[in-house]
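It should be emphasised that the depicted structure is a prediction, and the values quoted were computed from it without experimental measurement. Ligands are counted one by one from 1 in listed order, and the atoms in each one are counted from 1 as well. These numbers come from the heavy atoms of this one structure, side chains and all, not from hydrogens, waters or symmetry mates.
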Amino acid sequence: MLIKVKKPCEISENLITPQENYENRRKILKAIGILGIGSVFGIDMLEGLDAKSVKINKNTYPYQTDSNYFQSPLTPYEKATTYNNFYEFGMQKEDPYHRANVLQTNPWSVVIDGEVHSPIKISLEDILKKMQLQERIYHFRCVEAWSMNIPWLGFELGDLLKLVKPKGNAKFVLFETAVQNTMPAIKNPSLGGYIKFPYKEGLRLDEANHKLTILAVGMYGKTLPNQNGAPLRLIVPWKYGFKNIKSIIRITLVEKIPVSTWTSLDSSEYGFYANVNPNVAHPRWSQASERFIGDGFGFNKIPTEMFNGYGEEVGRLYAGMDLRKNY
Ligand SMILES: Nc1nc2c(c(=O)[nH]1)N[C@H]1C(S)=C(S)[C@@H](COP(=O)(O)O)O[C@H]1N2
Ligand SMILES: [Mo]
């Protein structure tokens, strides 16, 4: 399955339908008397209905495919959504697929605060109103030496950070995953290997502002499945998978380098930078090659590329740094 790269002139048909649908729904709701009842109970029922309909697709949020970021072949959807790491739901690869249905993604809002001039708490709907979605096919490389090619739907993190106006002393960005009581590893810490949640990750501010860094709300032309980090997760394609924090509720700009979940568990195995690097082995295995998960049974063994193949675009971020020390 390959994503068809659409030319700009082909998307116009979708541009007006969301608003039209919205107006029609209002009319229908008015006609059957739902509009207005909500206020009796102190809730805006239309808001509730709208919140439930945050569906990501070409009609609801028209997007184009960025052909600069193309990978082939794609990993099948069925594999990308059943072979996951999301320790809040268990430590086995199939656990998130079986258990992440209890994740409450609606309503969802994100706090963006810290060293910024205009901190905000913003709903997912409002984020989507302000950001332009794009589809990008990125190569995804887990530190465990498996990889996938995934078509993400998202927007550049840098565009979102502009909204809060970072202060001059903001040097790093800290991200936090939601903690919900229904998550299996919150109810029973042994299921998550006693990892201390919330899951946290961090980037240097220049990495966060790099145009390759996106926040994804969808994949394969659809809303992000819960097991893949719905409704909003980080994608930094030149770094190992664990940097790509899921189900984000807070983004904090900070002065000092943040400590991420995996680094706090074992800093000798998982560093802050976690740039994909075939020349620096993990203490327990080589990173020179990877198992690409594609069609069919099993996998293809392929060589791992420096910065996961994005070196031309991101290499300059690390000019003069010893990447053996800063792993
Ligand atoms: N909150 C949270 N985010 C997380 C993880 C996690 O356990 N919890 N696992 C990370 C790891 S190790 C990887 S490889 C990727 C996996 O993303 P995927 O399941 O969409 O392939 O998510 C990352 N983000
Ligand atoms: Mo990972």
Using a 4.0 Å cut-off to any heavy atom of Thr177, which atoms of ligand 1 qualify?
1 (N)
Ligand 1 N/O within reach of Tyr83 N/O, cut-off under 3.5 Å
no
For Lys243, which part has a heavy atom under 4.0 Å from ligand 1: side chain, backbone, both, or neither?
neither
Show the atoms of ligand 1 that are less than 4.0 angstrom away from any heavy atom in Glu88.
1 (N), 2 (C), 6 (C), 7 (O), 8 (N)
Can you tell me if Lys93 has over 12 outside heavy atoms packed within less than 6.0 Å of its NZ?
yes
Select one of side chain, backbone, both or neither to describe which atoms of Phe140 lie under 4.0 Å from any atom of ligand 1, heavy atoms only.
side chain
Is it true that atom NZ of Lys167 has more than 12 heavy atoms of other residues, nucleotides or ligands lying nearer than 6.0 Å?
yes
Closest approach of Gln227 to Thr81 (non-hydrogen atoms, all atoms of both residues):
NE2-O, 2.8 Å
Heavy-atom nearest neighbour in the protein, as seen from atom 9 (N) of ligand 1, with distance rounded to 0.1 Å:
Asn85 O, 3.2 Å
Which heavy atom of the protein is the closest neighbour of atom 18 (P) of ligand 1, given with residue, atom name and distance?
Lys246 NZ, 3.4 Å
Within the supplied structure, the quantity of interest is the number of heavy atoms (other residues, nucleotides, ligands) at a distance under 6.0 Å from Lys211 NZ; does it exceed 12?
yes
Within the structure, does Trp262 bring an N/O atom to less than 3.5 angstrom of an N/O atom in ligand 1?
no
For Phe197 and Ala185, which heavy atoms make the closest approach, and how far apart are they?
CE1-CB, 3.8 Å
Within this structure, what is the OG1-CZ distance for the pair Thr75 and Phe140, rounded to the nearest 0.5 Å?
10.5 Å
Heavy-atom pair with the smallest gap, counting every atom of Val143 and Trp285:
O-NE1, 2.9 Å
Among all protein heavy atoms in this structure, tell me which lies nearest to atom 6 (C) of ligand 1, with the distance rounded to 0.1 Å.
Tyr199 CE1, 3.3 Å
Are Tyr273 and Tyr327 an aromatic pair by the rule of ring centers under 6.0 Å?
no
Trp152 ring center within less than 6.0 Å of Tyr220 ring center
no
Polar contact flag for Asn244 and ligand 1 (N/O pairs, less than 3.5 Å)
yes
In terms of residue, atom name and distance, what is the protein heavy atom nearest to atom 7 (O) of ligand 1?
Tyr87 N, 2.7 Å
Establish, yes or no, whether a centroid distance under 6.0 Å links the rings of Phe307 and Tyr318.
yes
Under 4.0 Å from one or more heavy atoms of Phe86, ligand 1 contributes atoms 1 (N), 2 (C), 6 (C), 7 (O), 8 (N)
Nearest non-hydrogen protein atom to atom 17 (O) of ligand 1, with distance, is Arg233 NH2, 3.1 Å
Distance filter under 4.0 Å to Asn84 heavy atoms, resulting ligand 1 atoms:
18 (P), 19 (O), 20 (O)
Among Gly241, Cys142, Gly90, the residue with a heavy atom nearest to atom 23 (C) of ligand 1 is Gly241
